[in-house]
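Notes for the one structure printed next.
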Amino acid sequence: MNKKSVRDVEVSGKRVFVRVDFNVPMENGAITDDTRIRETLPTIKYLIENGAKVILASHMGRPKGQVVEELRLTKAAARLSELLGKPVMKADEVIGAAVTAQVEALKEGDVLLLENVRFNEGEENNDPALAKAFAELADLFVNDAFGAAHRAHASTEGIAHFLPAVSGLLMEKELDVLGRALLKPERPFTAIVGGSKVKDKIDVINKMIEIADNILIGGGLSYTFFKAQGHEIGQSLVDNSKLDLALEFIEKAKKLGKNFLIPVDIVISDDFSASANTQIVNVDGIPADWEGIDIGPKTRELYADVIKNSKLVVWNGPMGVFEIEPFSHGTRAVAQACAETSGYTVIGGGDSAAAAEKFGLADKMDHISTGGGASLEFMEGKALPGVVALNDK
Ligand SMILES: Nc1ncnc2c1ncn2[C@@H]1O[C@H](COP(=O)(O)OP(=O)(O)O)[C@@H](O)[C@H]1O
Ligand SMILES: O=C(OP(=O)(O)O)[C@H](O)COP(=O)(O)O
């Protein structure tokens, strides 16, 4: 990476403002997955061990400039404290006199977490006044929030204009792994794109047709391709504004000699529930009042074969509604093939990572990215503002 990292600068005795992404899933006030907190431990421990005064900042959810009690970072501070085995102080405000006093009281090796930065409307507006106020708390800015690197906000981008700015160790690892995978991919390189957000995935499919050898389409995206080819798709998910584009992609892949696969059979259901009636049909067999919910057994086998014969696999988006057991087999088969392949496997996207975790296969993957939107934008080849703003080596 051509950006400086925290290892390239002196941190001892310095006040270091570290942007992390502690936007963790919560249910009934409890953290349900602390991966994003655990992944920042190398940077935080490095700073503690090297005598820095650590000021952490993160967003949670989308409070839109208002204080939302359920989105306070109190639970995240407590979890971090457990993981570090030392106290983590917590500010109840984003910025202001009380925060400044808490920062002034920090000793070397102390850790303070600021309140949810999105409680201040200057955060998402990238208000230079807020960025400057953050910068005045510190001597150095470290960005370890890969998950928010595609956002140009006051604590991810703005602050870098007022302080020396370097990447944290998680940021460095994400950019290194994703960059190596995509810039000089080992071949055969297989990209698997599924999930439900057709609009969000269109650019990544386009890019993958250019750089991958095999492109496997699954999940809710499939039906836009089926409809474009003239099939009845019943009640299945579709983006009617992308039908022409879907045909263009199939054509483009053919022209470039790429193996572009859409499902050959699917699981359909008459309801969006575990007790629904299901059938396995070919792509031309969806009745008008049923919907496609998972890839079928022939597709599972076909996709698993391609994955097992790949040197690099990049997977974004589940193959079906894996949250409901009867519709989880396609996603499970893909996760299992990723676990078994000797190729290097990279998973981006919150739901695919959650699926791998659910099937107990997460530790068999080579890299699970902490960024969903960020890893997609990176894969599309877009510049990430939170990275661009960092100092060059
Ligand atoms: N055939 C389908 N119909 C409707 N929803 C689907 C289908 N296949 C997958 N999904 C849903 O897609 C969601 C994940 O999509 P997405 O957010 O695009 O993935 P990711 O978070 O991995 O990027 C899951 O909640 C899953 O239930
Ligand atoms: O969870 C996040 O995004 P992701 O679900 O795309 O990984 C990041 O914390 C960014 O959050 P945002 O999409 O509200 O800016």
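In listed order, ligands and their atoms are each counted from 1.
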Numbered atoms and elements of ligand 2 in range of Asn23, under 4.0 angstrom, heavy atoms:
1 (O), 2 (C), 8 (C), 9 (O), 11 (O)
Asn50 and Ser12: side chain donor to acceptor below 3.5 Å:
no
Against heavy atoms of Gly292, which atoms of ligand 1 measure under 4.0 Å?
1 (N), 2 (C), 3 (N)
Per-atom contacts, ligand 1 versus Lys197 - under 4.0 Å to a heavy atom
17 (O), 18 (O)
Any salt bridge between Lys53 and Asp110, counting N to O under 4.0 Å?
no
In the protein, what heavy atom is nearest to atom 22 (O) of ligand 1, and what distance, to one decimal place, separates them?
Ser352 OG, 2.9 Å
Honestly, for Glu291 the part within reach of ligand 1 (heavy atoms, under 4.0 Å) is neither
Below 4.0 angstrom from a heavy atom of Lys201, which ligand 1 atoms are there? Numbered from 1 as shown, please.
16 (P), 18 (O), 19 (O), 20 (P), 23 (O)
Give the residue, atom name and distance (to 0.1 Å) of the protein heavy atom nearest atom 15 (O) of ligand 2.
Arg151 NE, 2.6 Å
Give yes if a backbone or side-chain nitrogen or oxygen of Gly220 is under 3.5 Å from a nitrogen or oxygen of ligand 1, and no if not.
yes
Considering only protein heavy atoms, which is closest to atom 14 (C) of ligand 1, and at what distance to one decimal place?
Asp351 OD2, 3.3 Å
With respect to atom 11 (O) of ligand 2, which of His59, Met60, Arg36 exhibits the smallest heavy-atom separation?
His59
Does the N or O separation between Ala374 and ligand 2 drop below 3.5 Å for any pair?
no
Show which atoms of ligand 1 fall inside a sub-4.0 Å distance from at least one heavy-atom site of Gly317.
19 (O), 22 (O)
Side-chain donor-acceptor pair under 3.5 Å between Ser155 and Arg19, yes or no?
yes
How are the rings of His231 and Phe226 set relative to one another: parallel (under 30°), tilted (30 to 60°) or perpendicular (over 60°)?
perpendicular
May I ask you to check if ligand 2 and His150 share an N or O to N or O distance below 3.5 Å?
no
Using a strict 4.0 Å cut-off to heavy atoms of Asp21, name the atoms of ligand 2 that fall inside it.
8 (C), 9 (O)
Tell me which part of Ile293 gets within contact of ligand 1: side chain, backbone, both or neither, using heavy atoms under 4.0 Å.
backbone
Report yes if some N/O of Thr370 lies less than 3.5 Å from some N/O of ligand 2; otherwise report no.
no
Please report whether ligand 1 has a polar contact with Ser196, defined as an N or O pair separated by less than 3.5 Å (distance criterion only).
yes
Distance under 4.0 Å to a non-hydrogen atom of Gly373: what atoms of ligand 2 satisfy this?
4 (P), 6 (O), 7 (O)
Could you give the distance from CD1 (Ile295) to CG (Asp265), rounded to the nearest 0.5 Å?
8.0 Å
By number and element, which atoms of ligand 1 are closer than 4.0 Å to a non-hydrogen atom of Tyr223?
1 (N)
Indicate the ring-plane relationship of Phe141 and Phe17, choosing parallel, tilted or perpendicular according to the 30° and 60° boundaries.
tilted
Ligand 1 atoms nearer than 4.0 angstrom to some heavy atom of Asn316 are 23 (O)
In terms of side-chain heavy atoms, does Ser269 have a donor or acceptor partner in Asp271 at a distance below 3.5 Å?
no
Filtering Ala353, Ser375, Gly147 for the heavy atom nearest atom 8 (C) of ligand 2 leaves Gly147
When rounded to the nearest 0.5 Å, the distance separating CG of Leu216 from OH of Tyr303 is 5.5 Å
For ligand 1, which atoms, with element, lie under 4.0 Å from some heavy atom of Gly219?
1 (N), 8 (N)
Would you mind listing which atoms of ligand 2 come within a distance below 4.0 Å of any non-hydrogen atom of Arg62?
12 (P), 13 (O), 14 (O)
Would His153 count as a contact of ligand 2 if the rule is a heavy atom under 4.0 Å away?
no
Look at atom 27 (O) of ligand 1 and say which protein heavy atom is nearest, naming residue and atom and giving the distance to 0.1 Å.
Glu323 OE1, 2.7 Å
